[in-house]
Asks: 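Below: one structure in structure tokens.
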Amino acid sequence: MAVPDHWIPHAREDGEVIGWIDMQTATPNLIPIDRLGRPLSAVSEWPDAEEALERRGLRFLMNRFRFEGRTVRIRSLDDHRIVLTTAASDAVGDVGEEYVLDFPAGPELVESP
């Protein structure tokens, strides 16, 4: 799946998309959607949706996640897929296993505490 047409992109000042605002699913409320395609809490006003996305930002993508019982990190992502790796770094010798998930991320990808 790709980004649905009814998700309106929200970008930070440098133009990088940090998420979307879904105006249809919970009408009259708005649902901010993070960069992994996951809904945040619904809000009633556009500025509140933008603020929620700004707070979430992109930094969380650097966190560790759990997938199928393994600790992974996000190697790359776009509007169609998410590439995970068990490698601890991007060093040449640190290969690890890779997993490719469709976008948006499903409940099987869990952010580690």
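The chain is numbered in sequence order, starting from 1. Small disclaimer: the values here were computed from a predicted structure and weren't measured.
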Asks: Please step through salt bridge (charged side-chain N to carboxylate O under 4.0 Å, His left out) for the pair R59 and E111, ending with a clear verdict.
Replies: CA-CA 12 Å; R59 188 167 214 77; E111 198 168 350; over 6 Å; no
Asks: Look at the side-chain heavy atoms of Ile, Leu, Val, Met, Phe, Trp and Tyr, link any pair under 4.5 Å apart, and say whether V110 and V72 land in one connected group.
Replies: no
Asks: Between atom CZ of R73 and atom CE of M62, what is the distance when rounded to the nearest 0.5 Å?
Replies: 10.0 Å
Asks: Working to the nearest 0.5 angstrom, can you tell me the gap between F67 CZ and E97 CD?
Replies: 10.5 Å
Asks: Can you tell me how the ring of W20 sits relative to the ring of W7, calling it parallel under 30°, perpendicular over 60° and tilted otherwise?
Replies: tilted
Asks: With rounding to the nearest 0.5 Å, note down the distance linking CD in Q24 to CD1 in I8.
Replies: 8.5 Å
Asks: Could you walk me through whether D79 and R35 pass the salt bridge (charged side-chain N to carboxylate O under 4.0 Å, His left out) test, one step at a time?
Replies: CA-CA 9 Å; D79 295 352; R35 194 59 185 89; 2.9 Å; yes
Asks: Output yes when a side-chain donor or acceptor of R38 lies under 3.5 Å from a complementary backbone atom of G106, and no otherwise.
Replies: yes
Asks: Rounded to the nearest 0.5 Å, what's the gap from CG on L36 to CG on L101? Could you check?
Replies: 9.5 Å
Asks: Above 12 or not: heavy atoms from other molecules or residues under 6.0 Å from CZ of R81?
Replies: no
Asks: Crowded around D5 CG? As in, over 12 foreign heavy atoms under 6.0 Å?
Replies: no
Asks: Could you tell me the separation between the CG atom of L30 and the CH2 atom of W46, rounded to the nearest 0.5 Å?
Replies: 6.5 Å
Asks: From L109 CG over to I74 CD1, what is the distance, rounded to the nearest 0.5 angstrom?
Replies: 6.0 Å
